[in-house]
Enquirer: 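One structure, as structure tokens, below. Some questions next.
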Amino acid sequence: MSKVATRFAPSPTGALHIGGVRTALFNWLYSKNHKGTFHLRIEDTDKERSKDEYKDQIIKSLKWIGVEYDGEEYIQSTKINDHINIANELLKNGNAYKCYCSSEEIEEQKKRARQKKLPYIYNRKWRDIPESEAPKGVKSVIRFKSKIEGTSILKDLVQGDVEIDNNTIEDFIILRNDGTPTYNLSATVDDHQMGMTHIIRGDDHKINTFKQIQIYLAMNWELPKFAHIPLIHTIEGKKLSKRDNASTLDDYSKIGIMPDALRNYLLRLGWSFEDKEIFTLEESIEHFNLKGIGKSPSKLDVSRILSMNEYYIKNIDENSLYQNLVEYCKIYKEKINSDKETKIKSSLYFLKNKAKTLVDIYNNAKFIINDIIEFNEDDFNLIDDKAKKIILEFSKELSNISNINKENLEPVVNSLIKKNDTNFKGVGQPLRIALTGSKFGPGLYDIIIALGKDEALKRLAKIIS
RNA sequence: GGUCCCUUCGUCUAUCGGUUAGGACAGCUGGUUUUCAUCCUGCAAAGGGGGGUUCGAUUCCCCCAGGGACCGCCA
């Protein structure tokens, strides 16, 4: 077999949801595991619904999650003439025929079948009528002459052998009456011309595969291998659709999920490798195979995404984490000034312990990011005279400390606790509020170290004035 | 309604006929702790039902039930 080539072929008619992203990921991983190529094909032949903004969103999403396609994106609409040529060739060699039934006529037949609760299948009316008897001035569609007798077997790389009766596949339309090709024709011709060796796609395409295989056979083209992966279901157990909430990548990046975490989650959704849960990009390429794909659909579990994200926050190196944070804040919160880089980076060790998402890190790092802090009103009201006295006392001590670290700060706080006959909260809380604006947040010593002596003193002075 | 697919803890899954059915997330305990967390103990939690085959079935076969996908001159 020639070098593995796979593709992801979305239609730009809506936002790409994470089911599609997973399909892209699997295709990409499969090809990379085999040192092959992966391609992106934009199936934009539905002129009514295709939009450039969706195409851009698809490309952006793949990039965000780290799936890179080889070469330029293949734009299906630019190949329509090729598709039409193949339709004509199929017509010429007797594998297709012109059908002069009007859409109204077909609709009528479908309606009747539904009423009688019979399965509808096009009645093949024009299949054997010679061209000489064709009506004049009536537009025709071209239908593929599908097999009627016998059965077909799909040797699916995930599902095993799937057998169906050929007569359940109707004579499907390959060219509309306006002369444009339909999906099954276009996809097949493109896959062939692009040299695809493996077609990995959602379960919902299985019937299409039986149709497409017949085109390959009729054209005498080499058949690619097929793998149909189970769909992702919502928690209610239905197919994930564009209408469902929280299903695009943006929905997850918005709440502070990192691309690597989502990639890892998606990889393990419906695929497994021993008991391994965490896969770096390199490991996922190394271990990915079709064998590990389960046969049953899997449900999307947001708490799992969150915990995966938390794992990545706590375990990736701090430079990457910082980059993720900066990216996130730039898009969704505020631009982080580069002069804060050192302070934030050196604070990540404690910030990340309190975070499941980048939002959490941002919220807890606000007191570093912004020079002017916003006070939570209720918390601010806790700063009474007694609290101010403690803040003042602490400030004096702090100004005498030359080396700001926990070892030096702790005795100061402890002595203040004793002196004021209170507990840690009595001292820690006012200080925390004064320094960050909120009584919740990072550990007190971490806060002071993060701010540095001068900035801390400045903030303490401000609140008692 | 027809065709096809699926069925192990709540969720994602492991098991290539013999296991106390394993792991992870979530949940619940207990401990550490400076708020909030983290971290560490531990607990609980599963083979849809019925038939076979077999010394032995979660595993192989059949039936049923349940769920899902498809059934466009959309892709």
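By convention in this document, chain letters (A, B, ...) are assigned in the order of the sequence lines, proteins followed by strands, and residues within each chain are numbered from 1. No hydrogens, no waters, no symmetry mates; every other heavy atom, side chains included, goes into these values.
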Enquirer: Between the protein and nucleotides 4-6 of chain B, list every N/O to N/O distance that falls short of 3.5 Å.
Expert:
residue : atom : partner : partner atom : Å
C4(B)   : O2'  : K206(A) : NZ           : 3.2
C5(B)   : O4'  : K206(A) : NZ           : 3.1

Enquirer: When we call it a touch if two heavy atoms are under 4.0 Å apart, what does G202(A) touch: a base, just sugar-phosphate, or nothing?
Expert: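 G202(A): no heavy atom of the nucleic acid under 4.0 Å.
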Enquirer: Need one value for D178(A): base, sugar-phosphate or nothing, where a base atom within 4.0 Å counts as base even if backbone is also close, heavy atoms only.
Expert: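 Touches nothing.
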Enquirer: Counting the atoms with a prime plus P, OP1 and OP2 as sugar-phosphate, which does E48(A) contact under 4.0 Å by heavy atoms, base, sugar-phosphate, or nothing?
Expert: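 No contact.
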Enquirer: Answer yes or no as to whether A75(B) has its base stacked against H205(A), where stacking requires a ring-centre separation under 5.5 angstrom and planes under 30 degrees apart.
Expert: yes
Enquirer: Looking for any heavy atom pair under 4.0 Å, which part of the strands does E277(A) touch: base, sugar-phosphate only, or nothing?
Expert: base
Enquirer: For A45(B), give its Watson-Crick or G-U wobble partner with both distances under 3.5 Å, or none.
Expert: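 Partner of A45(B): none.
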Enquirer: With a 4.5 Å cut-off on side-chain heavy atoms, are D161(A) and L154(A) touching?
Expert: no
Enquirer: For P442(A), report the nucleic acid contact type (base, sugar-phosphate, nothing); a contact means any heavy atom under 4.0 Å.
Expert: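 The answer is base, as P442(A) lies within the cut-off (heavy atoms under 4.0 Å) of a base atom.
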Enquirer: For G443(A), report the nucleic acid contact type (base, sugar-phosphate, nothing); a contact means any heavy atom under 4.0 Å.
Expert: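 Base, at least one base atom sits under 4.0 Å.
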Enquirer: Under a 4.0 Å heavy-atom cut-off, which of residues 404-419 of chain A touch RNA chain B?
Expert: none
Enquirer: Would you classify C99(A) as touching base, sugar-phosphate or nothing, given that sugar-phosphate means primed atoms plus P, OP1 and OP2, and contacts are heavy atoms under 4.0 Å?
Expert: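 Since no nucleic acid heavy atom lies under 4.0 Å of C99(A), the category is nothing.
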Enquirer: Across the strands shown, which category fits K276(A) at heavy-atom distances under 4.0 angstrom: base, sugar-phosphate, nothing?
Expert: nothing
Enquirer: Please classify the nucleic acid contact of H228(A) as base, sugar-phosphate, or nothing, using heavy-atom distances under 4.0 Å.
Expert: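 If one applies the 4.0 Å heavy-atom cut-off, H228(A) turns out to touch nothing in the nucleic acid.
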Enquirer: Please classify the nucleic acid contact of S50(A) as base, sugar-phosphate, or nothing, using heavy-atom distances under 4.0 Å.
Expert: nothing
